[in-house]
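Below, chains carry the letters A, B, ... as their sequence lines are ordered, and counting in each starts from 1.
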Protein chains: 2
Amino acid sequence: MSELKIQHLITLTELLSKGAKHNFISITTSSLGKNIHKSQQAASKHLLELEEGGLIQRMMSGRKISVKLTKKGYDQIADMYNLIKNSLESSPSEIEIGGILVSGMGEGAYYMSLKGYTKQFKTKIGYVPFPGTLNIKIEKKEHIESLRQVNNMPGKQIDGFSDGKRTYGWVRCYSCTLNGKIPCNLIFLERTHHDLSVAELISEFDIRKKTGLKNGDRITITIPVS
Amino acid sequence: MSELKIQHLITLTELLSKGAKHNFISITTSSLGKNIHKSQQAASKHLLELEEGGLIQRMMSGRKISVKLTKKGYDQIADMYNLIKNSLESSPSEIEIGGILVSGMGEGAYYMSLKGYTKQFKTKIGYVPFPGTLNIKIEKKEHIESLRQVNNMPGKQIDGFSDGKRTYGWVRCYSCTLNGKIPCNLIFLERTHHDLSVAELISEFDIRKKTGLKNGDRITITIPVS
DNA sequence: ATTACTAAAACTCGAGTAC
DNA sequence: TGTACTCGAGTTTTAGTAA
């Protein structure tokens, strides 16, 4: 992880951005200090230390200083660059939420079968869900937080409607997979907007039947993230 | 340049590489400490400070800690990444050397016209140089250093030869431009290997005639770098 | 105007330790 | 085991200042 003192990285980067890779650049310690948000004295010391460490080549020219990175100095920056780059790239772009299968309120099945919803499901998520939702009890605080995060992401919105007697709220869908393989949709309902300790899943088929999952089984939901 | 304390960047990067961008990851302060080459106490403090700065979201789960980067935390890393990236990329890949045109030793003209050299010039740099070299007096210490750097780079080697009476040393050529436009070659001669306060240029044409440059004029040589 | 020294203030770290 | 406090030692930064 580099025996490079980290504060010097900023200084090196500043010099590099001024073009100090191949040519000597002429600077003053106070301008450098200003740019790295340190005092003139600190900048002067950094330069001295960088030279001592063989990271820069430093010459006095008149009252100013001429500096150029050495190969070692350049390599240090390149190393740090690659370290961050790898961290950024190896970062998986999925949210994982674990929970326990519980029995849902039977009413879900009824609502989801209403014509006002099914027409939209067909066009927006590509299928009419099997009647009935899969309820997942989320136990870990951090998974509830993750669910909150999903809730703040834009999803596929199924609009609410009214049949004259009453109104039915919107449903927001997030494509996801159950236990890494079963495709389904995580849904948020307008009416239960507040409760994030239970996640509801819908799927084209009867998941309980297809997978043999029973209440009390631990499951994992994986939601892809942009 | 970020009000982010730099030492925390390492911690953030470590968390990110463990996948803390989208999901809470479960860690102990001592394992984190080990990874960032700091003590358990330092790791604990860093986490506390990162949370305070709004860079991570932190939850106790049992005896361990669950951590996730916030948008702000992620942005900080991305910012630093882009900063370094820009520095690395905006870095011009040329060496610039300034100097003053002086009269060369007339002998240069003679040597460069020898068959043993001209044949090689034709094949290696594409032309037979105008007889006579252009001598540039380098005044700034840092430009002499730059010249030394060029001298350490691999160039196009014109081999020495012998005509039976005496031997002629090698010549090394570096394609460059004079004052940003005139194409020419910077040459190093075996016999003057040591003196880097004068640079010698050769060109296909008579530069003095073509440009009207006279002794005492300030000129700039630009040498492209891999 | 510069650089860079000294001394003191401000930080950061880790050992010891409480919980 | 865990986290995270206090406190002393070491390090870094800055103010003041010499050259």
Taking the side chain from A:Lys38 and the backbone from A:Thr11, do they hold a donor-acceptor pair closer than 3.5 Å? no

Determine yes or no for a side-chain-to-main-chain donor-acceptor pair under 3.5 angstrom, with A:Tyr74 supplying the side chain and B:Leu88 the backbone.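 Side chain of A:Tyr74 to backbone of B:Leu88, a donor-acceptor pair under 3.5 Å: no, none is there.
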
Ion pair present between A:Glu139 and A:Arg218, side-chain N to carboxylate O less than 4.0 angstrom? yes

Would you indicate which nucleotide in [options] comes nearest to any side-chain atom of [X]?
X       : options              : result
B:Thr29 : C:dC13, D:dT3, C:dA4 : D:dT3
B:Ala42 : C:dA4, C:dC13, D:dA4 : C:dC13
B:Gln41 : C:dA15, D:dT3, C:dT3 : C:dA15

In whole angstrom, give the distance that lies between atom [atom1] of [X] and atom [atom2] of [N].
X       : N      : atom1 : atom2 : answer
B:Leu48 : D:dT6  : CG    : C1'   : 14 Å
B:Leu50 : D:dT3  : CG    : C1'   : 16 Å
A:His37 : C:dA10 : NE2   : C1'   : 19 Å

Please work out if B:Leu47 contacts a base, only the sugar-phosphate, or nothing of the nucleic acid, heavy-atom cut-off 4.0 Å. nothing

Reckon A:Thr28 touches a base, only the sugar-phosphate, or nothing at all at heavy-atom distances under 4.0 Å?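 Answer is sugar-phosphate: A:Thr28 comes under 4.0 Å of backbone atoms only.
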
Side chain to side chain contact (heavy atoms under 4.5 Å, CB included), paired with B:Ile158, selected from B:Leu189, B:Ile187, B:Val171: B:Val171

Closest-nucleotide 5' rank along DNA chain D - winner of A:Gln7 and B:Gln40: B:Gln40

C:dT12 phosphate, OP1 or OP2: any side-chain N/O from B:Lys5 under 4.0 angstrom?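 Yes.
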
Check whether the side chain of B:Arg63 and the base of D:dT3 form a donor-acceptor pair under 3.5 Å. no

